[in-house]
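As structure tokens, the structure follows; a few thoughts come after it.
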Amino acid sequence: MDEQGHMTGKKVIVGVTGGIAAYKAAELVRLLVKSGVNTHVAMTEHATKFVAPLTFEALSGNRVVWDMWSHETSPMDHIHWGQESDLVVIAPATANFVAKMANGTGDDFLSTMVLAASAKILVCPAMNTRMYMNAAVQRNLRQLKDLGMVVMEPSAGELACRTEGPGRLPEPEEIMNRISMLLSAQDLTDLKIVITAGPTREPIDPVRYLTNRSSGKMGFALAGAAAMRGAKVILVSGPTSLCPPPGVTFAPVNTTEEMRREVLDRSIDCDVVIKAAAVLDYRPKNPSERKIKKENRSFSIELEPTPDILAELGSGNPGGHRILVGFAAETNDLLANAKTKLKKKNLDMIVANDVSRTDAGFDTETNLVKILYRGGAIEDLPLMSKRQLADCLLDRIKKIWESAK
């Protein structure tokens, strides 16, 4: 199961209209197929002047329709396609086609299919900046939103007409993120979740610091999955090389104390806190204000404990008004250490993983974990991707939340 495994088996129609950005639709189709989506393409006649239908047929593995009167087109295809699919994506959507949709015009296969569609519709406008900003086009886009369609804002930058401004078709990866969200079960819309990720850093001097091997991948996967499922997500992360998932509020931090302040402040009115960050247990007691010069002698660094954020959250949660989830990254005595942490920090559940394994833990794409619950139950999960694990954990959290109501 890949990062968008929930899309496997879904049916998506990509409608391609006649703009220069039509070439990007080929990459979008490739990404959809790679995600296991049953992908069909419908084109306007003008779109075929930019990209040949054969290109989309080769990428999708399905017949492409652009001529309503072709002998290969069933008389009812324009009805069935939009009613038997999960999503219709118009990318690119030209000003002309936006006007057709806004005014209920059906004069070719794609426009009549949109009129008859019962599926969700995602519209991705792409055109010259002046065209996009034109009052009539903006009115038509507002009308599409009023009709229940999802309109994706175009990107800004250099356009094919060599002007600068809004009007560029978003990159296929960005469109995929929006498609993924639209195809996800929106079952966490009532939850506000604070998630921590990555390592913390504690300075030794202005150029050196203590840290650990955490990549932040698990926390970022949890944040992305929760946002996809409709939760309001605040991601508090130490330094990583990862880009924040779309739809989350991102709060970058460095030190453990910075993370503590951010988490305590953000969690005041939240429903769930998931502490997936690998917070340092110790920090230099007296960091130097100047770079420590190398000398031919040894020296020692006195360490002091860092704040225990999860314990502080647990002690301040006597009524159980929020769900607390911790992680236990261990190299030995996995269950014993996880049980101690679960009880000591007053958690609802703890996710324990053996980071000495090469296929799980720090900086890997997969994880093999055990889930320990407040009531004493222990659940073993098989090896899976971190994104798949994220959805599994959110499913368990959702059950705890619902049972506490």
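Note that these values count all heavy atoms, side chains included, but never hydrogens, waters or copies made by symmetry. Count residues from 1 along the sequence. A quick note: this is a predicted structure, and the numbers were derived from the prediction, not measured.
When the shell of 6.0 Å around CZ of Arg208 is examined, it contains more than 12 heavy atoms from other residues, nucleotides or ligands. Atom NZ of Lys232 has 12 or fewer heavy atoms from other residues, nucleotides or ligands within 6.0 Å. Remark: Phe50 CZ is packed, more than 12 non-hydrogen atoms of other residues, nucleotides or ligands lying under 6.0 Å away. In the displayed structure, Glu289 atom CD is contacted under 6.0 Å by at most 12 heavy atoms of other residues, nucleotides or ligands.
Residues Thr256 and Ile309 have side chains in contact (heavy-atom distance under 4.5 Å, counting atoms from C-beta outward). Side-chain contact between Arg178 and Val89 is absent, with no heavy atoms from C-beta onward closer than 4.5 Å. Looking only at side-chain heavy atoms (C-beta outward), Gln388 and Leu381 stay at 4.5 Å or farther from each other. For the pair Ile350 and Ile371, the minimum side-chain heavy-atom distance is 4.5 Å or more. For the pair Phe250 and Ile234, the minimum side-chain heavy-atom distance is 4.5 Å or more. In this structure, Ile179 and Leu87 have side chains that are in contact, with non-hydrogen atoms separated by less than 4.5 Å. No side-chain heavy atom of Leu280 sits less than 4.5 Å from a side-chain heavy atom of Pro199. Inter-residue side-chain proximity for Asn254 and Thr200 is flagged as unmet; no heavy-atom pair is nearer than 4.5 Å.
Partners of Glu258 according to the salt bridge (Lys or Arg N to Asp or Glu O under 4.0 Å) rule, which considers only residues two or more places apart in sequence or in another chain, do not exist here. Annotation: side chain to side chain contact (heavy atoms under 4.5 Å, CB included) contacts of Asn134 (sequence neighbours excluded): Ala136, Val137.
A donor-acceptor contact shorter than 3.5 Å is absent between the side chain of Glu262 and the backbone of Val253. Using modelled atom types, no side-chain atom of Asp354 and backbone atom of Asn332 make a donor-acceptor pair closer than 3.5 Å. With Arg30 contributing its side chain and Ala26 its backbone, the two residues share no donor-acceptor pair below 3.5 Å. At least one donor-acceptor pair closer than 3.5 Å links the side chain of Ser267 to the backbone N or O of Val263. Checked by atom type and distance alone, the side chain of Asn103 pairs as donor or acceptor with a backbone atom of Ala99 at under 3.5 Å. Not a single donor-acceptor pair under 3.5 Å links the side chain of Asp348 to the backbone N or O of Arg374. With Gln186 contributing its side chain and Met228 its backbone, the two residues share a donor-acceptor pair below 3.5 Å. Between the Lys24 side chain and the Pro170 main chain, no donor and acceptor come within less than 3.5 Å of each other. Between the Thr306 side chain and the Asp281 main chain, a donor and an acceptor come within less than 3.5 Å of each other. Judged purely by atom type and a 3.5 angstrom limit, Asp271 has no side-chain atom pairing as donor or acceptor with the backbone of Arg322.
In this structure, Ala197 and Met259 approach most closely via the heavy-atom pair O-CE, 3.9 Å. Listed here is the closest heavy atom pair of Ala91 and Val14: O-CG1, 4.4 Å. What you find for Lys275 and Val279 is that their closest heavy atoms are NZ-CG2, 3.6 Å. Contact record, Met127 with Ala93: CE-O, 3.7 Å, taken as the closest heavy-atom pair. Between Pro154 and Tyr132, the shortest heavy-atom distance links the atoms CD-OH, 3.3 Å. Here the closest non-hydrogen pair linking Val64 and Pro53 is CG2-O, 3.7 Å.
Taken from CG in Leu372 to CG in Leu342, the straight-line distance is 6.0 Å, to the nearest 0.5 Å. Taking CD1 of Ile274 as the start and CD1 of Ile195 as the end, the distance is 4.5 Å to the nearest 0.5 Å. Lys339 contributes atom NZ, which lies 10.5 Å from atom CG of Leu334 (distance to the nearest 0.5 angstrom). Between the CG atom in Leu303 and the CD1 atom in Ile204 there is a gap of 8.5 Å [rounded to 0.5 Å]. How far CE of Met43 is from CZ of Phe56: 5.0 Å, rounded to the nearest 0.5 Å. Atom CG of residue Leu169 and atom CD1 of residue Ile175 lie 4.0 Å apart, to the nearest 0.5 angstrom.
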Take Ser155 and Glu174, measure what side-chain contact (heavy atoms from CB on, under 4.5 Å) needs, and give me the verdict at the end. CA-CA 10 Å; Ser155 301; Glu174 296 175 60; 4.2 Å; yes
Step by step, would you call Asp187 with Lys398 a salt bridge (Lys or Arg N to Asp or Glu O under 4.0 Å)? CA-CA 9 Å; Asp187 59 346; Lys398 181 187 173 189; 3.4 Å; yes
As a quick check of understanding, evaluate salt bridge (Lys or Arg N to Asp or Glu O under 4.0 Å) for Asp86 and Lys11, giving each step before the final call. CA-CA 5 Å; Asp86 298 289; Lys11 183 175 180 180; over 6 Å; no
Decide salt bridge (Lys or Arg N to Asp or Glu O under 4.0 Å) for Asp391 and Arg387; before the verdict, give the C-alpha distance in whole Å, the side-chain angles of both, and the deciding distance to 0.1 Å. CA-CA 7 Å; Asp391 274 315; Arg387 177 53 191 268; 3.7 Å; yes
Given Val233 and Thr249, is the side-chain contact (heavy atoms from CB on, under 4.5 Å) satisfied, shown in steps? CA-CA 6 Å; Val233 180; Thr249 299; over 6 Å; no
Could you go through the side-chain contact (heavy atoms from CB on, under 4.5 Å) check for Tyr373 and Glu379 one step at a time? CA-CA 8 Å; Tyr373 298 92; Glu379 181 181 7; 2.7 Å; yes
Take Asp395 and Arg229 through the salt bridge (Lys or Arg N to Asp or Glu O under 4.0 Å) test and state the conclusion after the steps. CA-CA 11 Å; Asp395 289 342; Arg229 293 169 64 168; 2.7 Å; yes
Report the C-alpha separation of Lys386 and Thr364 in whole Å, then their side-chain angles, then the decisive distance to 0.1 Å, and conclude whether the side-chain contact (heavy atoms from CB on, under 4.5 Å) test is met. CA-CA 9 Å; Lys386 290 187 174 178; Thr364 64; 3.8 Å; yes
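The pair Arg283-Glu304 counts as a salt bridge, with a side-chain nitrogen and a carboxylate oxygen less than 4.0 angstrom apart. The pair Arg290-Asp205 does not count as a salt bridge, with every side-chain nitrogen at least 4.0 angstrom from each carboxylate oxygen. Using a 4.0 Å cut-off between a side-chain N of Lys or Arg and a carboxylate O of Asp or Glu, Glu257 and Arg260 qualify as a salt bridge. Using a 4.0 Å cut-off between charged side-chain N and carboxylate O, Glu57 and Arg63 make no salt bridge.
Asn62 and Ser60 are not linked by any side-chain donor-acceptor pair at a separation below 3.5 angstrom, with hydrogens and angles left out of the test. With hydrogens and angles left out, the side-chain atoms of Ser111 and Asp108 include a donor and acceptor closer than 3.5 Å. In this structure, a donor-acceptor pair under 3.5 Å is absent between the side chains of Glu202 and Tyr282.
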Which donor-acceptor pairs under 3.5 Å do the side chains of residues 141-150 make with protein atoms, sequence neighbours left out?
none

